[in-house]
Amino acid sequence: MDQAKSYRAPSGTRDLFAEESRKFEAITSAFSRHMSFAGYGLLETPLFEEAAVFKRSIGQGTDVVNKEMYEFEDKGGRLMSLRPEMTASCARAFVQHSPPTPWRVRYAGPMFRYERPQAGRYRQFYQLGAEVFGTADPEVDTEVIWLAYKFIESLGIRSMTLKLNSLGDANCRPQYREKLVSYLSSHRDGLCDEHRDRLSENPMRVLDCKRPECVEVAGGAPVQIDHLCDDCAAAFRSVTEGLSRAGVAFELAPRLVRGLDYYMRTTFEISGDSLASAQNALGGGGRYDGLVESIGGPQTPGIGFSLGIERLLLACDAEGVLSLGEWSPLVFVVCLSQGEAAIHAGRLIYSLWGGGVNAQAAGSSRSTKAQMRAAGKSGAALVAIVGDEEAANDSVSVRIMNRDSASGLLERMATDWKAADSDQWSEFSEGSQVTLGIDRFVSIVAGSSGSTEVASAISGDSAGVPASQGIEVHNP
RNA sequence: GUGGCCGUAGCUCAGUUGGUUAGAGCGCCAGGUUGUGGCCCUGGAGGUCGGGGGUUCAAGUCCCCUCGGUCACCCCA
């Protein structure tokens, strides 16, 4: 059975290309722009770390560590793990480099969790996120939540809910925990099978268990938010007031408990209300003031969030937002014969590419008809035709294929080309054609298509990615 | 880890109560006279019907096993 086996991407993973990868790229670059304006520099970390980095920070009792980590032993006998999330890696980097605080970083990349795949849930999934290390100031809580919330909004997503909670701190959580345990113990029989046994292990979990039995018991349980110490209460008030002032709508979710142990004080989750599937969390985050210490660093407060790209995309599709422009070449080069013409055509397309012009060709060995069909299908604005005649006098015949996408060029062409070569160019209709010098053509086209895209992408750090032809996020 | 649904060309699917060389649309390739797209016409390539076993004169169609996909529980992004 396995001798003629055909391979496919591993379960829970997939190949991204065409329309989908363009959307990924659009979202990622929009995020880069959004976060760099707020002073968050990009942090890249390895896709794998020593497994202990995750175990000690995320928590031994969590599902993520318990049953979802991709662990392996490397050839040196070290126990490693693919990263199931990014906060632990960021904390490790923070401890390793001791950067000046507050340290604001953003990240984007794949995470790995071994779970059964499902709608909106993958084994390799992509997150965008940010962390701030070194300040406990509640203003930063507001900042981080605002950034997450407004980014989602900037994609055009409208139906979402921000749920907010405070989990208390080392001071008030233990006392609350006792109250909760004693309440739950007295209602032990009403709990679902799983939580009846694991009650004292992680009592908070019972609060967001979705089984009807637990929901009923949890409904009457004391909640942390009513048992905060003075410091925590003051901090939380500051966050809620800050959000209100910043125009971010939220609802209190006293039973919101996140699945990673390191969270304390402010925690939040943003769910997409347009998502039908069970996986409707677009993202979430919170404060983790004990995390850095837990992996051997100095006592350092921190807060962050992460968003799931796949979920964002799902929500965009559900709401019909994130529309990308057409992605088609400006020029399509058609070569009519082999030999000199093909050489000439080759020079032309390299000049176009070198000048930063989005250009394509279909191969000179194919028939004229096939090349023209390919040109039409590509959506190119212009076709540059090269045959023996053109090759002989160093020219190209240019034909308008798509008037709309050529519109930006038409004005330029009107003055430039009319004056230079053509008087039959008075009306720009599709199918109009004119012959002109190859250098002249390249300079005109390069001049009007943003020829310095690549250069500006490299130098213009803040933008990250240029508003190139076609790839841009549309904000309604 | 547990359960429901599904597996026929690259994609979306037809395939009658089991019966001759397994079909359509889209896509792809090539033509429809000499150097010109989108429409139309013609032709072509492409499937061991997920895999294995069984029942039968005969199985894409029935039975069993297995693999894969998908959705849900759980957890989260």
Using the [atom1] atoms only, state how far [M] lies from [N], rounded to an integer number of Å.
N     : M     : atom1 : result
B:C28 : B:G10 : C1'   : 9 Å
B:G15 : B:G47 : C1'   : 14 Å
B:U42 : B:G25 : P     : 10 Å
B:A14 : B:G4  : C1'   : 26 Å
B:C71 : B:A9  : C1'   : 26 Å
B:U48 : B:C5  : C1'   : 27 Å

Would [X] and [Y] count as having a side-chain donor-acceptor pair, cut-off 3.5 Å?
X      : Y      : answer
A:D273 : A:T161 : yes
A:E68  : A:Y70  : no
A:S328 : A:S378 : no
A:S364 : A:Q338 : yes

Donor-acceptor pair, side chain of [X] and main chain of [Y], under 3.5 angstrom:
X      : Y      : value
A:Y183 : A:V217 : yes
A:Q371 : A:C335 : yes
A:R83  : A:F112 : no
A:Y40  : A:G129 : no
A:R287 : A:Y263 : no

Select from A:F125 and A:A9 the residue whose nearest nucleotide in RNA chain B is closer to the 5' end of that strand.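 Nearer the 5' end of the strand: A:A9.
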
Of A:A374 and A:R366, whose nearest nucleotide on RNA chain B comes first from the 5' end?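 Nearest-nucleotide comparison on RNA chain B picks A:R366.
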
Quiz question: going by heavy-atom distance under 3.5 Å, is there a donor-acceptor pair between the base of B:U36 and the side chain of A:Q371?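 No, the side chain and the base share no sub-3.5 Å donor-acceptor pair.
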
Under 4.0 angstrom, heavy atoms only, what part of the nucleic acid is [X] near: base, sugar-phosphate, or nothing?
X      : answer
A:S367 : sugar-phosphate
A:Q124 : nothing
A:G129 : nothing
A:L307 : nothing
A:L282 : sugar-phosphate
A:R14  : nothing
A:E269 : nothing
A:E68  : sugar-phosphate
A:A119 : sugar-phosphate

Spacing of [X] atom [atom1] relative to [N] atom [atom2], expressed in whole Å:
X      : N     : atom1 : atom2 : result
A:K67  : B:C75 : NZ    : P     : 8 Å
A:K377 : B:G37 : NZ    : P     : 13 Å
A:R113 : B:G1  : CZ    : P     : 18 Å
A:M372 : B:C39 : CE    : P     : 13 Å
A:R205 : B:C74 : CZ    : P     : 13 Å
A:K369 : B:U42 : NZ    : C1'   : 12 Å
A:R311 : B:C75 : CZ    : C1'   : 10 Å
A:Y122 : B:G69 : OH    : C1'   : 13 Å

When you measure from the side-chain N and O atoms of [X] to the phosphate of [N], is any distance below 4.0 Å, counting only OP1 and OP2?
X      : N     : result
A:R373 : B:G38 : yes
A:R258 : B:C75 : no
A:S397 : B:G35 : no
A:S11  : B:G69 : yes
A:Q118 : B:A72 : yes
A:R8   : B:G50 : no

Can you pull every protein N or O that's under 3.5 Å from an N or O on nucleotides 3-6 of chain B?
unit_1, atom_1, unit_2, atom_2, d
B:G3, O6, A:R116, NH2, 3.4

Just wondering, do A:Y126 and B:A77 stack (centres under 5.5 Å, planes under 30°)?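 No, aromatic ring not over the base.
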
By nearest atom, which of the nucleotides B:A30, B:G35, B:A77 is closest to the A:A370 side chain?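 Output: B:A30.
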
Return the nearest nucleotide to the side chain of A:S306; candidates are B:G35, B:A77, B:G37.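 Of B:G35, B:A77, B:G37, B:A77 is nearest to the side chain of A:S306.
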
Map every base of RNA chain B to its dot-bracket character, where paired means a Watson-Crick or G-U wobble contact with both distances under 3.5 Å and | marks a partner outside the strand. (((((((..((((.....[...)))).(((((.......))))).....(((((..]....))))))))))))....

Where is the tightest heavy-atom contact between A:F125 and A:P84, given as atom of each residue plus distance?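 Where A:F125 meets A:P84 most closely, the heavy atoms are CZ-O, 4.0 Å.
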
What class does the angle between the rings of A:F133 and A:W103 fall in, given that below 30° is parallel, 30 to 60° is tilted and above 60° is perpendicular?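 The rings of A:F133 and A:W103 sit tilted, inter-plane angle from 30° to 60°.
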
When you compare the side chain of A:V140 with that of A:R104, does any pair of heavy atoms fall below 4.5 Å?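 Answer yes - side chains close enough.
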
